[in-house]
There are 2 protein chains.
Amino acid sequence: MAQKNILKYIILGLLNREDLAGYDIKKLFEEELGDFWYSNHSQIYPELRRMEDDGLISSRTELVGKKLEKKFYQITKDGQKLLSAWMDESLNPLVPTRDEFTMKLYLLDSADHPLVTRLFQEEIARHEEKYQYLQTRWQLLFADESEQQKHFGHRCILEQAILREKQRLDWLHRELKKIKKTN
Amino acid sequence: MAQKNILKYIILGLLNREDLAGYDIKKLFEEELGDFWYSNHSQIYPELRRMEDDGLISSRTELVGKKLEKKFYQITKDGQKLLSAWMDESLNPLVPTRDEFTMKLYLLDSADHPLVTRLFQEEIARHEEKYQYLQTRWQLLFADESEQQKHFGHRCILEQAILREKQRLDWLHRELKKIKKTN
DNA sequence: TTTGGCATGTAAGCCGTTACATGATTTA
DNA sequence: TAAATCATGTAACGGCTTACATGCCAAA
């Protein structure tokens, strides 16, 4: 059984707000949700088909231009029932994070190891980049105060992601300083 | 290809410090590393076998009691080479977190929804429990100052995990307060 | 003597990634 | 008109979880 198929419920949740095509869902993951959930299109399309077979969603086709077909899905009554059951359910157990940086640090097993500094610098650089990107995005989307109240969910995710990066960076810088002192 | 087989390198890193049996590795994941890496024993044992077939590790058997056999693995020269190559390599791209709580919150799409408060309370409760557990563990292991200098890696992981839980809890409490005000 | 922990495996199957594949539309 | 983006799929495979399975040892 492996993990619960949570993607299914997330798709239901998205379709519960508006009709979407597979491509739209993919875009949402890339541009809005990706920091807390992500699926590739190669997982999305087959899932949509299965969900339609199961009667959780239905589809209609619209033309883009003259030939290109876009398949919009809408949630059904059954889908809504299943969605609200999931919403009512208690959360699944926390899955353990898998953090390659921390494991490397753990395995070096000493603050003196010559690789430690480089490891920190690499981790700092990648989080710095991400942090900058997220900040730019926030400016773009929510700097205008009239937008503050709208997009509750989107803002919630983006701000959480920004905070997470900031806290990570702070910790990394603190630890690196400590390490440099002892050497 | 999916993900890189990082478990392999972690096992190598562990065996590079001391000989271990599969069960010992399992125990390490459960008691020491679990917050930043975890694998089930059903993944560990076959992996060890493959690694031995590939000449990265070798094994010897010791008796526990009169009949029970325990298979200790040690790292080979080839294993050490591969380990140090991995250590020198740059980190793999960050994998996106999958966070069911945040997705549910996102999908409720409003601070007013009756489920929001319950959702927060549930998330707070589970992180509170974890936080308490981790704190107890720190006390147990590192309260004695003579232990402070030892176990660099273990302490690093435990303290990181504690900080993460604390920051998460702080955020949850802050947001919950905000939400209650607007209602 | 029973219970819990030690110790090592195998099998089925889902989740997710990577790669393969194709074609239309829009934009620079 | 070329490049980027829109749009939808399939195939192969590895990682990981869950469940099945067995037996020994130590401690209460």
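- Positionally, the nearest nucleotide of DNA chain C for Glu69(B) lies more toward the 5' end than for the other of Val95(B) and Glu69(B).
- Across the protein-nucleic acid pair, Tyr45(A) atom OH and dA11(D) atom P stand 17 Å apart, rounded to whole Å.
- Nearest to the side chain of His41(A), among dT8(D), dT17(D), dT8(C), sits dT8(D).
- For Gln43(B), whose side chain is taken as the heavy atoms from C-beta onward, the closest listed nucleotide among dT8(D), dG16(C), dT17(D) is dT17(D).
- OP1 or OP2 of dC6(D) lies within a sub-4.0 Å distance of a side-chain N or O belonging to Tyr23(A).
- Minimum atom distance to the side chain of Arg98(A) is reached by dC16(D), of the listed dT8(C), dC6(D), dC16(D).
- OP1 or OP2 of dT17(C) sits under 4.0 Å from a side-chain N or O of Asn40(A).
- With rounding to whole Å, Glu52(A) atom CD is found 14 Å from dT8(D) atom C1'.
- Nearest to the side chain of Ser42(A), among dT10(D), dT25(C), dC24(D), sits dT10(D).
- Toward the 5′ end of DNA chain C lies the nearest nucleotide of Tyr38(A), the other residue of the pair Lys67(A) and Tyr38(A) mapping further downstream.
- Separating the CD1 atom of Ile44(B) from the C1' atom of dC6(C) is a distance of 14 Å, rounded to the nearest angstrom.
- Counting to the nearest Å, the P atom of dC15(C) and the CD1 atom of Ile6(A) are 10 Å from each other.
- We find that NZ of Lys26(B) is positioned 14 Å from P of dG9(C), with the value rounded to whole Å.
- Applying the salt bridge (charged side-chain N to carboxylate O under 4.0 Å, His left out) definition to pairs two or more places apart or across chains, those involving residues 62-88 of chain B are Asp24(B)-Lys70(B), Arg60(B)-Glu62(B).
- Between Pro46(A) and Leu68(A), the residue anchored nearer the 5' end of DNA chain D, judged by the nucleotide with its closest heavy atom, is Leu68(A).
- Hydrophobic clustering, with ILVMFWY side chains joined whenever heavy atoms are under 4.5 angstrom apart, keeps Ile25(B) apart from Val64(B).
- The nearest whole Å value for the distance from the CZ atom in Arg49(B) to the C1' atom in dG9(C) is 8 Å.
- A straight line from CZ of Phe29(A) to C1' of dC15(C) spans 13 Å, rounded to a whole angstrom.
- Closest approach to the Lys66(B) side chain among dT8(D), dG9(C), dC25(D) is made by dC25(D) (side chain taken as heavy atoms from C-beta onward).
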